Amino acid sequence: MSGFLLNRLSQSIVLLVIVSIIGFTVLNLMPGGPLAQFGLDPGMTQKDVERLAEQLGLNRPLWIQYLDWAWRLIQGDWGHSFRDGSSVLTVIGRHLSATLLLMGTSTALAIAIGSWIGIRGATHRYSLFDYCATVGAMVALSVPTFWFGLIGIYIFTLKLGWVPAGNMYTIGDGSVLDYLHHLILPSLVLSLVHVAIWSRYMRTATLDALSQDFIKTARAKGLSERRILLKHVVGNALLPMITLAGMQLPSILTGALVTETVFTWPGMGRLFLDSLGYSDYPVVMGLLIFSAILVVLGNLIADIVIATVDPRIRLA
């Protein structure tokens with residue numbers, strides 16, 4: 001088990017280094033570079049821009065800038081925002097809870113609803129429910145998230161008035177019920193695509209479990225279909241779903257970026273777009289690395305869990 005964990009940890013570190021190199025290089029090679037926003041200020045002369053570049057160390061070779069940035073990152077200094085001079089970690093911390101709340105809620109909904117649809121589709125194979133679930137999944141996977149968000153706002157906010165159109169809470173309220181009221185629509189929109197993915201994978205995994213010999217043995221012993229399903233089928237079908245949960249983190253983060261923009265949700269996705277538009281490169285790089293760490297940790301935890309519950313993985 002220790003060798004398995006060390007192998008996964010070393011792979012994760014290498015992946016983070018590659019992601020940081022690519023992200024740092026692309027951002028610094030973009031037109032205008034990190035100081036593009038300062039060049040738009042009519043009060044800034046070329047000498048002022050050059051002096052600022054020297055103060056920030058941006059006139060050095062790119063590889064030296066990267067090594068300096070990486071070393072400070074390891075020491076806990078993620079840099080400071082160009083916008084207000086705040087620490088990058090402080091800026092990210094202000095928006096982290098909003099993104100985690102949205103991602104956590106949508107993931108829980110996707111797992112619960114998607115698993116139920118997948119299991120029912122497998123146990124009622126080729127039924128009307130199975131066909132409707134298949135068509136619904138194809139539609140959800142084909143339509144972009146922002147379109148679902150706009151349609152949701154039009155129907156449930158403008159026409160029915162059931163939920164707010166955006167933001168995380170009502171100014172002056174901030175109660176738990178108010179937070180939940182604002183959370184309903186964006187979490188449902190973000191979870192929609194992942195419900196489709198979970199339902200298809202869960203259906204396949206359930207059908208595979210139902211075809212195993214131990215299920216035939218359980219039926220031969222006279223066990224009820226309900227007991228077979230709950231005790232033998234679901235547990236085995238959920239094993240590949242653990243890996244899928246880790247793999248879905250990048251797409252959930254991407255979906256959160258779009259969803260937060262549509263619903264003006266004050267999370268990391270909206271912060272990323274705002275910082276990119278302002279050319280606030282320290283914050284953009286901080287968000288990129290922080291998101292990569294979240295994804296790597298998610299996959300690492302999924303690997304540990306699957307290795308713990310399935311000894312075949314550990315032995316392999």
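Nothing here was measured: the structure is a model prediction, and the numbers come from that model. One-based numbering along the sequence shown.
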**Request:** Look only at the side chain of S191 and the backbone of L188, and say whether a donor-acceptor pair between them is shorter than 3.5 Å.
**Result:** yes
**Exam field: side chain T157 to backbone Y154, donor-acceptor pair closer than 3.5 Å** = no
**Asked** Residues sharing V14's hydrophobic cluster, by side-chain heavy-atom contacts under 4.5 Å among ILVMFWY, directly or via others?
**Response** I18, I22, V26
**Asked** Can any side-chain N or O of S20 pair as donor or acceptor with the backbone N or O of V17 at less than 3.5 Å?
**Response** yes
**Item:** Spatial distance of atom CE (M268) from atom OG (S97) [nearest 0.5 Å]
**Value:** 10.0 Å
**Request:** Can you label the angle between the H232 ring and the F214 ring as parallel, tilted or perpendicular, going by 30° and 60°?
**Result:** tilted
**Message:** Can a donor-acceptor pair be found, under 3.5 Å and without considering hydrogens, that links the side chain of T264 to the backbone of N167?
**Reply:** yes
**Complete:** d(S10 OG, L15 CG) to nearest 0.5 Å is 11.5 Å
**Complete:** Sequence neighbours excluded, the answer for side-chain hydrogen bond (donor to acceptor under 3.5 Å, both in side chains) partners of T134 is R200
**Complete:** residues 105-132 vs ring-ring contact (aromatic ring centres under 6.0 Å, His included), sequence neighbours excluded, gives W116-F129
**Message:** Can you tell me which residue among V295, V296, L297 is in a side-chain contact (heavy atoms from CB on, under 4.5 Å) with I293?
**Reply:** L297
**Prompt:** Which salt bridge (charged side-chain N to carboxylate O under 4.0 Å, His left out) pairs, counting each pair once, include a residue from residues 118-140, with sequence neighbours left out?
**Reply:** D130-R203
**Asked** Is there a donor-acceptor pair under 3.5 Å between the side chain of W265 and the backbone N or O of A98?
**Response** yes
**Item:** Sidechain-backbone polar pair: D68 side chain, I64 backbone, donor-acceptor under 3.5 Å
**Value:** no
**Prompt:** Any donor-acceptor pair under 3.5 Å linking the side chain of S106 with the backbone of L102?
**Reply:** yes
**Item:** Residue pair R94 / V91, side-chain heavy-atom distance below 4.5 Å
**Value:** yes
**Message:** If hydrophobic clusters are built by linking Ile, Leu, Val, Met, Phe, Trp and Tyr wherever their side-chain heavy atoms come under 4.5 Å apart, do V88 and L100 end up in the same one?
**Reply:** yes
**Prompt:** Any chain of hydrophobic side-chain contacts (each under 4.5 Å) joining L96 to L271?
**Reply:** yes
**Prompt:** Going only through I, L, V, M, F, W and Y residues with side-chain contacts under 4.5 Å, is there a path from V258 to L183?
**Reply:** no
**Asked** When you measure from the side chain of S187 to the backbone N and O of I184, does any donor-acceptor pair fall under 3.5 Å?
**Response** yes
**Request:** Would you indicate whether the side-chain heavy atoms of I153 and V262 approach each other to under 4.5 Å?
**Result:** yes
**Request:** Taking salt bridge (Lys or Arg N to Asp or Glu O under 4.0 Å) as the test, write out the residues that go with R227, two or more places apart.
**Result:** none
**Message:** Just verifying a value: how many Å separate Y66 OH and L73 CG, rounded to the nearest 0.5 Å?
**Reply:** 8.5 Å
**Asked** Any side-chain heavy-atom pair from S115 and W198 closer than 4.5 angstrom?
**Response** yes
**Prompt:** What distance separates F148 CZ from L185 CG, expressed to the nearest 0.5 Å?
**Reply:** 12.5 Å
**R219: partners by side-chain hydrogen bond (donor to acceptor under 3.5 Å, both in side chains), with sequence neighbours left out** = E225
**Prompt:** Does a side-chain heavy-atom distance below 4.5 Å link V189 with F263?
**Reply:** yes
**Item:** CG-CD1 distance between L16 and I21, expressed to the nearest 0.5 angstrom
**Value:** 11.0 Å
**Request:** Can you measure from CD1 (I92) to CZ (F272) and round to the nearest 0.5 angstrom?
**Result:** 11.0 Å
**Request:** Kindly check if the number of other-residue, nucleotide or ligand heavy atoms within 6.0 Å of OH (Y201) is above 12?
**Result:** no
